[in-house]
Amino acid sequence: MRDIAYEQALMRHRRKMLRILDDYSQENANSWTERDFLAIQRALQVFIESFIGMARYFVEQKYQLSVSQSREALDELKSRGVLTSEQHGELMKIIGFRNVLVHDYLDVNDGIVQAIVTKKQYLILEEWMVVWRGELDECEPECPNGNK
């Protein structure tokens, strides 16, 4: 059964972090302060975690599979042809970067953070979240438990 409250919370966080990242992408990255880099890192972390939550939720709703890790969700989407190998690889790199932000925060490379934001590389996550939410919406009411 769809959890609309969870979906709405994910989408709220997604929109908020997207606004922050988009604002920074418009600024001159050479003027970013240490505080800016920390804010950007946190926004990226939350944005990526929202993506991970949506990927896991989508797999659960669409295929009735409970996955406990982000990799499992993306692997399942790849095995079902939702993601190509290239898309899967790109998304896995982004999830890997989230792990760096969370666990290896002492080694975060500001140049990588700057490139991700100025090149808007985070938008691939936005695109997939919108697609998956749309697929879930299209599925209703015929498949309230994820069955199409």
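Counting from 1, the numbers follow the sequence of the chain as shown.
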Enquirer: Using modelled atom types and a 3.5 Å cut-off, is there a donor and acceptor pairing between side-chain atoms of Y57 and backbone atoms of D3?
Expert: yes
Enquirer: Taking C-beta and beyond as the side chain, do M54 and L136 meet within less than 4.5 Å on heavy atoms?
Expert: yes
Enquirer: Does atom NE2 (H13) have a neighbourhood of more than 12 heavy atoms from anything else shown, all under 6.0 Å?
Expert: no
Enquirer: When you compare the side chain of K120 with that of L123, does any pair of heavy atoms fall below 4.5 Å?
Expert: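 Yes, close enough: below the 4.5 Å cut-off.
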Enquirer: Can you tell me which residue pairs pass the side chain to side chain donor-acceptor pair (under 3.5 Å) test with a partner in residues 36-56, sequence neighbours excluded?
Expert: Y24-D36, T33-D36, Q45-E49, E49-R98
Enquirer: In chain order, what residues pass the salt bridge (charged side-chain N to carboxylate O under 4.0 Å, His left out) check against E7, with sequence neighbours excluded?
Expert: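 Testing E7 for salt bridge (charged side-chain N to carboxylate O under 4.0 Å, His left out), a comparison that skips the adjacent residues, returns R2, R133.
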Enquirer: For the residue pair F51 and S70, establish whether any side-chain heavy-atom pair is separated by less than 4.5 Å.
Expert: no
Enquirer: Should we say atom NZ of K16 is surrounded by more than 12 heavy atoms from elsewhere, each under 6.0 Å from it?
Expert: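 It does not: K16 NZ has 12 such atoms or fewer within range.
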Enquirer: Which class fits the ring pair F47 and Y122: parallel under 30°, tilted 30 to 60°, perpendicular over 60°?
Expert: perpendicular
Enquirer: Give the intermediate values and the outcome of side-chain hydrogen bond (donor to acceptor under 3.5 Å, both in side chains) for residues E72 and S68.
Expert: CA-CA 7 Å; E72 291 177 284; S68 60; 3.0 Å; yes
Enquirer: Does any non-hydrogen side-chain atom of E126 lie less than 4.5 Å from one of V130?
Expert: yes
Enquirer: Any non-hydrogen side-chain atom of Q114 less than 4.5 Å from a side-chain atom of N30?
Expert: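 Q114 reaches N30 side chain to side chain.
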Enquirer: Between the side chain of Q87 and the main-chain N/O of T84, is any donor-acceptor distance below 3.5 Å?
Expert: yes
Enquirer: Can you tell me if D104 uses its side chain to pair, donor with acceptor, with the backbone of D107 under 3.5 Å?
Expert: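 No: the side chain of D104 does not pair with the backbone of D107.
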